[in-house]
Amino acid sequence: MPKRALITGISGQDGRYLTELLTSKGYEVHGILPCRAPGIGEAGERLYYADLADGSNLLSILEQAQPDELYNMAAQSHVKLSFDLPVYTADVTGVGVLRVLEAIRQYEKRGGNQVRFYQASSSEMFGKVAETPQTERTPFHPRSPYACAKVYGYWQTINYRESYGLHASNGILFNHESPRRGEAFVTRKITRAVAQIKLGRQDKLKLGNIDARRDWGFAGDYVEAMWLMLQQSQPDDYVIATGETHSVREFLEVAFGCVGIDWQNHVEIDPQFMRPAEVDILRGDASKARKQLGWSPRVPFEELVRMMVEHDLKLAMAS
Ligand code: NAP
Ligand code: G4F
């Protein structure tokens with residue numbers, strides 16, 4: 001019998017990489033789509049509609065999918081948007097985790113198989129960082145409604161592990177990017193603009209705080225860490241990061257450098273992209289994951305940027 005996995009947020013960046021990884025490992029992959037997804041009403045075999053703001057059909061989905069592993073990727077995942085939609089973000093990104101955990105508890109209580117649970121926690125929880133680099137022991141200081149919601153989900157995951165013995169783990173993942181990254185995140189916004197500017201179809205790129213620093217890795221590497229967490233006999237929480245930090249400014253230099261253009265001639269600072277509170281610097285220490293999971297990142301920063309620029313250039317030339 002192949003192992004079965006259920007992925008919420010299967011249509012997102014990580015959901016897609018994780019589906020490929022698990023499929024390559026012989027898993028039968030089931031996925032949950034939010035009801036606004038295109039093709040509504042046509043979810044096929046192994047695809048289910050559910051909204052984490054509702055959750056009323058989660059138990060029924062578990063009964064149909066009978067997963068050995070559940071990866072909770074679904075979230076309103078945009079930090080800036082969470083300032084405009086704080087209650088919605090708290091509901092989906094925070095309480096949504098509780099809805100999934102409670103469905104698993106009910107499922108197991110009714111005689112279902114044990115479900116190993118992965119929660120997509122975030123380095124945003126460190127927010128106004130108490131120390132650098134950040135580890136599993138660094139205190140949280142969330143700086144956005146999104147980060148507050150993630151802290152809630154993180155602690156509910158631990159509560160269900162400690163109260164009910166669920167095999168529930170948190171991956172505290174630092175920023176990870178790819179050609180599949182959503183277009184509203186800064187890396188993809190930049191690489192798409194680089195392609196348009198190179199082809200002479202755009203002149204200016206408007207950005208917010210370009211001095212912010214992030215620990216950027218490749219999403220394809222990071223989904224492997226998620227899988228490794230659920231293969232451990234004991235559930236636990238792990239930081240997943242490269243250990244390097246780069247500013248948005250550095251990202252601009254490398255991305256525009258890939259096509260031989262000086263970014264300074266094209267970038268404008270626009271206050272509409274500033275946040276009410278900023279996370280100035282993130283840099284993670286993934287020593288625990290290296291030691292206990294045998295995980296390490298493969299794609300370095302410059303290669304990641306080049307991969308994204310080349311992808312967006314190809315896309316732009318084809319359109
Ligand atoms: P993403 O591309 O934004 O994907 C989020 C997924 O959640 C999408 O499939 C989305 O569906 C779905 N979704 C949104 N609202 C939903 C709702 N109300 N009910 C059910 N599904 C809903 O995010 P990602 O980059 O793949 O990240 C995956 C997870 O890791 C997220 O929880 C994110 O917060 C977390 N995380 C990401 C990073 C990172 O750097 N990428 C770092 C740390 C943690 P649609 O496609 O229809 O919107
Ligand atoms: O790409 P971003 O929007 O990612 P952010 O806020 O770090 O959040 C991402 O990573 C988190 C992990 O740490 C995830 F949990 C979360 O779901 C998401 O995937 O912004 C990165 C930085 C910020 O400091 C932002 O202020 O870039 C700065 N920035 C500057 N100009 C901009 C822009 N960000 C966006 N999205 N758009 C801009 O125009």
Side-chain angles (χ1 to χ4, degrees), residues 3 5 7-27 29 31 69-75 77 116 118-126 133-136 150 169-183 185-188 190-191 213-232 235-248 250-251 254-255 258 281-312:
K3 268 194 178 176
I7 304 174
T8 73
I10 195 167
S11 57
Q13 170 188 256
D14 291 4
R16 291 168 65 194
Y17 280 105
L18 186 60
T19 298
E20 286 173 2
L21 177 79
L22 296 177
T23 304
S24 76
K25 291 184 180 297
Y27 278 67
V29 178
E69 297 169 12
L70 193 159
Y71 297 85
N72 186 37
M73 300 293 143
S77 77
R116 293 187 175 196
Y118 172 86
Q119 168 56 15
S121 287
S122 168
S123 53
E124 278 292 306
M125 301 188 301
F126 296 121
Q134 296 86 46
T135 73
E136 293 80 4
K150 283 289 181 186
S169 299
N170 283 290
I172 307 172
L173 270 57
F174 283 62
N175 298 52
H176 46 280
E177 318 294 312
S178 75
R180 294 173 179 169
R181 184 57 142 152
E183 294 166 8
F185 298 94
V186 77
T187 56
R188 191 79 199 288
I190 293 171
T191 59
R213 303 184 72 86
R214 290 290 181 276
D215 180 331
W216 278 298
F218 172 52
D221 291 346
Y222 284 38
V223 296
E224 205 180 337
M226 299 173 188
W227 175 75
L228 283 167
M229 284 177 217
L230 296 204
Q231 308 319 304
Q232 307 307 303
D236 207 341
D237 310 312
Y238 299 89
V239 159
I240 300 298
T242 69
E244 281 183 27
T245 187
H246 298 274
S247 63
V248 175
E250 285 170 64
F251 194 102
V254 178
C258 289
I281 176 168
L282 290 174
R283 180 161 77 85
D285 175 355
S287 303
K288 180 177 171 182
R290 277 180 205 271
K291 200 166 152 215
Q292 285 179 220
L293 305 177
W295 178 86
S296 55
R298 292 196 189 93
V299 178
F301 177 70
E302 280 79 10
E303 196 180 317
L304 172 65
V305 181
R306 179 166 291 281
M307 180 201 300
M308 294 176 71
V309 169
E310 283 175 358
H311 170 86
D312 280 329

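Below, all heavy atoms of this structure are taken into account, side chains as well, without hydrogens, waters or symmetry copies. These numbers were taken from a predicted model, which means no experiment stands behind them.
To the nearest 0.5 Å, atom CG of residue L173 and atom OG of residue S122 are 8.0 Å apart. Separation of atoms CG (L293) and CD1 (I240) is listed at 6.0 Å; rounding is to 0.5 Å. E177 contributes atom CD, which lies 6.5 Å from atom CZ of F251 (distance to the nearest 0.5 angstrom). Distance CZ/R214 to NE2/H176: 13.5 Å, rounded to 0.5 Å. To the nearest 0.5 Å, atoms CG (L18) and CD (E69) are separated by 9.0 Å. To the nearest 0.5 Å, the span separating OG1 on T191 from CD on E310 amounts to 11.5 Å.
Residues satisfying the side chain to side chain contact (heavy atoms under 4.5 Å, CB included) criterion with T23, sequence neighbours excluded, are T19, V29. Not counting sequence neighbours, the partners of A120 by the side chain to side chain contact (heavy atoms under 4.5 Å, CB included) test are M73, Y118, K150. Shown here are the side chain to side chain contact (heavy atoms under 4.5 Å, CB included) partners of S296, two or more places apart in sequence or in another chain: R290. For H246, the ring pair (Phe, Tyr, Trp, His ring centres under 6.0 Å) partners at least two apart in sequence or on another chain are F301. Listed by chain and residue number, Y154, I158, R161, N170 satisfy the side chain to side chain contact (heavy atoms under 4.5 Å, CB included) test with D237 (two or more places apart in sequence, or in another chain).
Taking the side chain as every heavy atom from C-beta outward, M308 and R188 approach each other to under 4.5 Å. Within the 4.5 Å cutoff, no side-chain heavy atoms of N175 are placed close to those of T187. Counting heavy atoms from C-beta outward, D236 and K288 have side chains that approach closer than 4.5 Å. Taking 4.5 Å as the limit, some side-chain heavy atom of S178 sits within range of a side-chain heavy atom of Q13. With contacts defined as side-chain heavy-atom distances shorter than 4.5 Å, the pair Y71/L230 qualifies. Side-chain atoms of I190 and V248, non-hydrogen and from C-beta on, do get closer than 4.5 Å to each other.
Between V239 and E136, the shortest heavy-atom contact is N-OE2, 2.8 Å. Of all the heavy atoms in R116 and Q231, the pair that sits closest is NH1-C, 3.8 Å. Contact record, A241 with G284: CB-CA, 3.6 Å, taken as the closest heavy-atom pair. In plain terms, the two heavy atoms of G220 and Y17 that are nearest each other are CA-CD2, 3.9 Å. The heavy-atom pair separating G31 from I10 by the smallest distance is CA-CD1, 3.6 Å. The minimum heavy-atom distance between M307 and P179, with the atom names listed, is SD-CD, 3.6 Å.
At least one donor-acceptor pair under 3.5 Å links the side chain of S247 to the backbone N or O of E250. A donor-acceptor pair is defined here as one N or O able to donate and one able to accept, closer than 3.5 Å; no such pair exists between the side chain of R283 and the backbone of T245.
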Report the C-alpha separation of I172 and F126 in whole Å, then their side-chain angles, then the decisive distance to 0.1 Å, and conclude whether the side chain to side chain contact (heavy atoms under 4.5 Å, CB included) test is met.
-> CA-CA 10 Å; I172 307 172; F126 296 121; 3.7 Å; yes
Output a table of donor-acceptor pairs, distance under 3.5 Å, between side-chain atoms of residues 221-228 and any protein atom two or more places apart or on a different chain; print 'none' if there are none.
{"residue": "D221", "atom": "OD2", "partner": "R298", "partner atom": "N", "Å": "2.7"}
{"residue": "D221", "atom": "OD2", "partner": "V299", "partner atom": "N", "Å": "2.9"}
{"residue": "Y222", "atom": "OH", "partner": "T242", "partner atom": "N", "Å": "3.4"}
{"residue": "E224", "atom": "OE1", "partner": "R298", "partner atom": "NH1", "Å": "3.0"}
{"residue": "E224", "atom": "OE1", "partner": "R298", "partner atom": "NH2", "Å": "3.3"}
{"residue": "W227", "atom": "NE1", "partner": "Y27", "partner atom": "OH", "Å": "2.9"}

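With Q134 as the partner, the side chain to side chain contact (heavy atoms under 4.5 Å, CB included) test is satisfied by one option alone out of D285, L282, D215, I281: L282.
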